[in-house]
Amino acid sequence: MTTNDSNRVLIFDTTLRDGEQSPGAAMNLDEKIRIAEALDDLGVDVIEAGFAVSSRGDFEAVNAIAKRTKHATVCSLSRSARADIDAASEATKPAKRRRIHTFIATSPLHMKVKLRMTPEEVYDAVIDSVSYARRLCDDVEWSCEDGTRTDHDFLCRVVEAAIKSGASTINIPDTVGYTIPSEYFDLISMLRNRVPNIDKARLSTHCHNDLGLAVANSLTAVAAGARQVECTVNGIGERAGNAALEEIVMALRTRHDAIPYKTGVKTENIVKTSRLVAAITGMAVQNNKAIVGANAFAHESGIHQDGVLKNAATYEIMTPESVGLSQSKIVLGKLSGKHAFKKKLEDLGYALGDNALKDSFRRFKDLADKKRDIFDEDLIALVDDGIQSGNERVKFVSLEIVCGSRGPQKADLELDIDGAVKRTQAHGDGPVDAAFKAIKDLFPHTATLKLFQVHAVTEGTDAQAEVTVRLEENGRTVNGQGADTDTLVAATRAYINALNKLLVKREKSAPAALWA
Ligand code: KIV
Ligand code: ZN
């Protein structure tokens with residue numbers, strides 16, 4: 001099956017661009033690279049790696065992802081200004097396959113209020129931007145922002161002009177999540193019927209979820225002839241988010257009888273990718289979320305359990321294995337050696353360098369001392385928690401906590417700061433507060449805590465706690481993660497992880513001329 005097959009739907013992932021626009025989901029360079037690698041392994045066709053002109057960080061991320069990505073096309077968003085298009089082109093240059101995605105708003109409201117441009121000016125900007133982008137890159141996508149609220153005659157004119165100017169993908173965004181399936185079906189059909197050169201381009205959908213219809217709208221667009229779906233892992237994105245990649249892909253796979261189109265996604269990698277995105281962005285997946293929620297394959301009622309035991313098909317329309325969810329099983333134990341550990345990590349998709357492997361193995365042995373059964377999830381949490389640059393200014397050394405109902409709660413904390421071990425004691429309103437106050441005591445800073453989230457990695461009272469901490473300072477947001485069988489140690493590690501990221505961000509935040 002090639003990407004040109006008429007029943008092949010391209011998956012255009014925008015987790016790193018539209019997904020990153022979710023409040024609090026800002027990611028650093030290493031995190032973006034890890035997600036891009038996971039997306040490439042997942043088999044998406046296009047990775048929208050960022051909006052190159054928007055900041056130095058975005059430019060660097062698009063560029064680094066362009067250098068590393070093996071299979072997918074790497075794309076950068078750009079407005080219609082030439083400086084935007086130049087940045088998108090420059091950032092994606094090292095990619096094996098690259099795309100410039102340029103957009104301008106076309107609805108009466110956006111043109112008048114936001115752009116302060118007449119329709120004729122917008123029409124000219126479409127021609128100018130697409131032809132300019134096409135001179136720099138063979139693969140150009142054009143989007144009409146707020147497309148679903150655009151006048152149909154005008155939409156047909158601009159789509160025709162964009163194709164004539166060289167766009168090979170035409171994306172029709174439902175920017176504000178306003179459309180409904182029947183209307184979106186009609187819109188895509190109308191474009192296919194009325195735009196004379198429409199057969200020279202691939203139609204694409206980009207749906208937001210304000211009315212909870214993003215996936216339904218995307219699928220009806222496919223039924224109407226769209227052959228690219230723009231989506232994000234876990235459906236993260238602006239406001240209520242974007243169409244969820246895992247839902248689109250599994251709907252196409254599970255209901256192939258009714259929607260007979262295929263994607264190139266290796267569905268067995270879905271859960272792993274979902275967990276990575278949730279951990280990095282700090283945006284936890286709700287338990288009842290389709291496909292990737294903790295309860296998506298859980299059967300609570302006796303009647304359902306009985307049915308599933310007799311034949312899983314009674315209540316399961318897809319298998320847990322098809323999305324990469326295996327029954328939690330003990331994978332390694334106290335006596336497992338380094339080779340078995342390395343092999344297991346490779347099976348889980350982690351190829352660690354020598355130092356990181358050594359460090360993870362040491363932490364695995366520590367964990368195995370505390371916890372009898374080590375599951376896949378434990379290893380993932382352990383490795384994710386340990387992926388750091390090694391150059392962190394603040395390192396965790398030890399923590400002792402006095403807590404309980406009598407109070408006062410107290411934290412006795414040791415940190416290694418710039419190579420010197422420092423110790424303090426702090427009281428707090430609860431043990432977490434005490435631990436965080438102790439960090440502030442040893443390393444004064446003005447960041448405020450925006451999110452504190454705990455989740456148990458596996459079942460059982462000896463489960464590791466995985467904690468996410470979100471800090472904000474002067475408009476900069478970072479997420480930190482920590483995992484440990486002791487929830488308070490995990491929380492302290494997560495805070496320190498976030499703090500180190502903030503320190504890196506502070507250093508990098510001097511704006512370059514292009515982004516000033
Ligand atoms: O929602 C939207 O309209 C977008 C465009 C920039 C493609 O994200
Ligand atoms: Zn969008």
Side-chain angles (χ1 to χ4, degrees), residues 13 15 18-19 22-25 42 177 180-181 207-220 229 231-255 258-259 265 267-309 311-328 375-377 380-381 451-460 463-468 470 479 481:
D13 180 276
T15 306
D18 224 338
S22 314
L42 182 63
I180 57 172
C207 295
H208 281 268
N209 205 29
D210 300 66
L211 293 173
L213 293 170
V215 169
N217 287 334
S218 305
L219 292 174
T220 53
V229 175
C231 45
T232 59
V233 175
N234 300 338
I236 65 170
E238 282 274 357
R239 307 180 310 278
N242 289 58
L245 179 149
E246 60 280 2
E247 295 178 24
I248 300 282
V249 168
M250 288 312 288
L252 290 174
R253 178 172 160 163
T254 308
R255 293 309 313 276
I259 346 171
V265 168
T267 61
E268 294 74 17
N269 282 7
I270 283 179
V271 164
K272 189 168 84 178
T273 315
S274 159
R275 285 184 183 161
L276 181 68
V277 170
I280 285 179
T281 58
M283 298 189 65
V285 169
Q286 84 216 37
N287 284 355
N288 62 333
K289 162 87 178 61
I291 318 294
V292 290
N295 295 348
F297 292 90
H299 303 281
E300 185 69 19
S301 99
I303 296 174
H304 287 209
Q305 285 173 352
D306 182 52
V308 169
L309 286 175
N311 181 341
T314 49
Y315 289 100
E316 274 179 10
I317 57 168
M318 50 202 157
T319 64
E321 290 76 20
S322 66
V323 296
L325 202 64
S326 51
Q327 284 288 327
S328 279
F375 300 97
D376 279 357
E377 293 85 344
I380 292 168
L451 175 85
F452 175 73
Q453 190 174 273
V454 185
H455 111 264
V457 173
T458 54
E459 289 173 5
Q464 286 192 90
E466 195 169 45
V467 177
T468 302
R470 182 173 301 150
N479 292 307
Q481 286 82 33

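This one's a predicted model, so the numbers in the text were calculated from it and none came from an experiment.
- Every residue two or more places apart in sequence or in another chain that forms a side chain to side chain contact (heavy atoms under 4.5 Å, CB included) with A214 is listed here: C207, N209, A243.
- Expressed to the nearest 0.5 Å, how far OG1 of T281 lies from CG of N479 amounts to 6.5 Å.
- Note: I380 CD1 to L276 CG = 9.5 Å, rounded to the nearest 0.5 Å.
- Considering only residues two or more places apart in sequence or on other chains, L451 meets the side chain to side chain contact (heavy atoms under 4.5 Å, CB included) condition with Q453, T468, R470.
- No side-chain heavy atom of V249 sits less than 4.5 Å from a side-chain heavy atom of V229.
- Side-chain atoms of I236 and T15, non-hydrogen and from C-beta on, do get closer than 4.5 Å to each other.
- Around the CZ atom of R255, the shell of radius 6.0 Å holds no more than 12 heavy atoms that belong to other residues, nucleotides or ligands.
- From E238, atom CD reaches atom CG of D210 across 9.5 Å, with rounding to the nearest 0.5 Å.
- Residues meeting the side chain to side chain donor-acceptor pair (under 3.5 Å) test with D18, sequence neighbours left out: H206, H208, N242.
- S322 and R253 form no side-chain donor-acceptor contact under 3.5 Å, judged by distance and modelled atom types alone.
- For I180, the side chain to side chain contact (heavy atoms under 4.5 Å, CB included) partners at least two apart in sequence or on another chain are S182, E183, L213.
- Residues passing the side chain to side chain donor-acceptor pair (under 3.5 Å) test with N217, sequence neighbours excluded: none.
- Every side chain to side chain donor-acceptor pair (under 3.5 Å) that S274 has, sequence neighbours left out, goes to N234.
- For the pairing with N269, the side-chain contact (heavy atoms from CB on, under 4.5 Å) check across T273, V271, V265 returns one residue only, T273.
- Remark: E268 engages no residue in a side chain to side chain donor-acceptor pair (under 3.5 Å) (not counting sequence neighbours).
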Review item, side-chain donor-acceptor pairs of residues 287-296, under 3.5 Å, at least two apart:
unit_1: N288; atom_1: OD1; unit_2: Q286; atom_2: NE2; d: 3.2
unit_1: K289; atom_1: NZ; unit_2: E246; atom_2: OE2; d: 2.7
unit_1: K289; atom_1: NZ; unit_2: E247; atom_2: OE2; d: 2.5

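- Each of V215, T232, V277, L42 was evaluated against L245; a single residue qualifies, L42, per the side-chain contact (heavy atoms from CB on, under 4.5 Å) test.
- The nearest pair of heavy atoms linking L325 to F297 is CD2-CD1, 3.7 Å.
- Between the OG1 atom of T267 and the CG atom of L252 there is a distance of 11.5 Å, given to the nearest 0.5 Å.
- Heavy atoms only, all atoms of each residue included: G237 and S22 are closest at N-OG, 2.8 Å.
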